[in-house]
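Structure first, then comments.
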Protein chains: 2
Amino acid sequence: MSTPKKAKTSAFEQSGFVSGYLLYLLAAASEAASKQFHTRVREAGLRITEWRVLACLYDQDGLMITELAHYALMEQSRITRIIDQMETSGLVVRHNDEGDGRRVRIYLTDHGQSLSAELVTAAKAHEMQLLSTLPVKDAANIKPALLALLGSLEAPAN
Amino acid sequence: MSTPKKAKTSAFEQSGFVSGYLLYLLAAASEAASKQFHTRVREAGLRITEWRVLACLYDQDGLMITELAHYALMEQSRITRIIDQMETSGLVVRHNDEGDGRRVRIYLTDHGQSLSAELVTAAKAHEMQLLSTLPVKDAANIKPALLALLGSLEAPAN
DNA sequence: TAAAACTATATGAAAAAACATATAATAGGA
DNA sequence: TCCTATTATATGTTTTTTCATATAGTTTTA
């Protein structure tokens with residue numbers, strides 16, 4: 001047979017442009033690493049986007065729609081609809097901001113609070129497990145490198 | 001004013017769970033880094049997904065639908081439809097695999113070939129520029145760390 | 001070699017996401 | 001203060017994406 005059945009480790013992955021391209025590595029690593037944990041998120045009855053919102057609110061309850069969009073890496077209109085659904089399922093509530101009638105602040109319900117705490121704990125455990133499978137050097141390097149990249153990208157001037 | 005207008009660098013980003021969470025850093029870095037280059041992709045009249053397909057075919061022309069799905073990190077049915085559109089816009093062509101009538105192999109047209117070469121060149125330049133903005137240490141560390149992570153995640157055993 | 005199991009691609013229907021824009025509230029001049 | 005510009009959220013529409021499944025070709029095996 002000229003073509004191998006399972007081309008998992010094909011010539012493609014060994015050489016060529018894509019397999020060493022930074023943006024590909026970032027996307028692939030993000031996707032592969034998230035995949036594992038996302039299984040747990042779905043087991044908790046949540047969609048990925050909802051988990052992201054919960055995690056943001058875990059850190060800082062009462063964020064605005066716009067702030068959530070920024071932190072959770074999503075468009076504003078998307079957040080609006082996700083909050084609609086999360087409000088329906090009893091995870092969060094909307095409150096008008098006193099002082100600025102345009103703003104809507106999102107707060108965790110009791111249920112949302114306990115669920116977010118639970119998932120954050122699981123996420124931390126998963127992260128530790130994941131980092132423990134890496135060579136020590138890489139495990140130590142990865143977050144600083146990503147933070148440097150983010151910092152460089154967020155800097156307005158260039 | 002109690003709430004700053006532009007909360008770019010808020011308390012959120014300084015501390016808390018999310019801002020140091022590996023899966024968040026990966027997603028955020030991937031998104032932020034890609035964003036810049038994606039502007040160029042759209043200027044070339046392509047969607048991001050189409051660029052991914054072009055890049056894969058640049059490395060290895062004649063990939064199957066399934067292989068493209070794997071390498072471009074997308075679902076099979078999605079690739080099928082993207083190839084439909086790319087065929088319509090004259091970037092690729094489908095050919096039946098001789099030897100296995102189920103397989104469909106995708107080949108770049110002349111136009112697809114020149115466009116992919118052009119964009120790959122631009123992508124390499126962008127990557128170099130991006131890495132040059134990082135501290136040398138981080139620039140040297142990031143790809144090995146991502147590769148280690150990917151390797152660890154692809155390994156079946158654990 | 002016929003049946004069963006499996007692989008590759010396509011497609012209909014449903015859900016999610018993006019895009020543009022509407023609505024409402026506030027802020028900032030003239 | 002009134003007019004304009006700006007900000008925050010919501011919503012209608014369209015496009016993407018997913019999910020489940022159909023179709024067709026190949027391999028396996030009894």
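Chain A is the first sequence line, chain B the second, and so forth, proteins listed ahead of strands; every chain is numbered from 1.
- Closest-nucleotide positions on DNA chain D for B/G99 and A/R42 were compared, and the one nearer the 5' end corresponds to A/R42.
- The CE atom of B/M64 sits 11 Å away from the P atom of C/dA10 (whole-angstrom rounding).
- The CG-C1' distance, from B/L63 to C/dA8, rounds to 14 Å in whole Å.
- Across the protein-nucleic acid pair, A/E98 atom CD and C/dA25 atom P stand 16 Å apart, rounded to whole Å.
- Residue whose closest nucleotide on DNA chain C sits further toward the 5' end, between A/T49 and A/G101: A/T49.
- Taking atom CZ of residue B/R105 and atom C1' of nucleotide D/dG25, one finds them 15 Å apart after rounding to whole Å.
- The interatomic distance linking B/E50 (CD) with D/dT15 (C1') rounds to 13 Å, in whole Å.
- Computed from coordinates, the A/E31 CD to D/dT17 P distance equals 13 Å when rounded to whole Å.
- When every heavy atom of A/F37 is checked against every heavy atom of A/A122, the shortest pair comes out as CE1-C, 3.8 Å.
- Between C/dA16 and A/R47, a contact under 4.0 Å exists linking OP1 or OP2 to a side-chain N or O.
- Between B/R103 and C/dA10 there is no side-chain polar atom (N or O) within less than 4.0 angstrom of OP1 or OP2.
- If you take CD1 of A/I48 and P of D/dC19, they are 10 Å apart, rounded to a whole angstrom.
- A donor N or O paired with an acceptor N or O is found under 3.5 Å between the base of C/dA10 and the side-chain atoms of B/Q76.
- For the pair A/D84 CG and C/dA16 C1', the interatomic distance rounds to 14 Å; values are reported in whole Å.
- Here C/dA16 is the nucleotide among C/dA10, C/dA16, D/dT9 with the atom lying nearest to any side-chain atom of A/Q85.
- With respect to the salt-bridge test (charged N to carboxylate O, under 4.0 angstrom), the residues B/R40 and B/E118 do not qualify.
- Proximity note for A/E75 (side chain, C-beta onward) versus C/dC19, C/dA8, D/dA10: the nearest is C/dC19.
- Between B/S77 and D/dT17 there is no side-chain N or O to OP1 or OP2 distance below 4.0 Å.
- Distance from the side chain of B/R78 is smallest for D/dT17 among the nucleotides D/dT17, D/dA10, C/dT9.
- Between B/F17 and A/W51, the ring planes lie tilted relative to each other; the angle falls in the 30° to 60° range.
- When heavy atoms are screened at a 4.0 angstrom cut-off, A/R81 is found touching base atoms of the nucleic acid.
- For a distance-only test at 3.5 Å, the side chain of A/R102 fails to qualify as a donor-acceptor partner of the base of D/dT9.
- Minimum interatomic distance between B/G45 and B/E50 (heavy atoms only, all atoms of both residues): O-OE1, 4.3 Å.
- Among the nucleotides C/dA8, C/dA25, D/dA10, the one closest to any side-chain atom of A/D100 is C/dA25.
- A donor and an acceptor atom, one from each side chain of B/T80 and B/Q76, are located under 3.5 Å apart.
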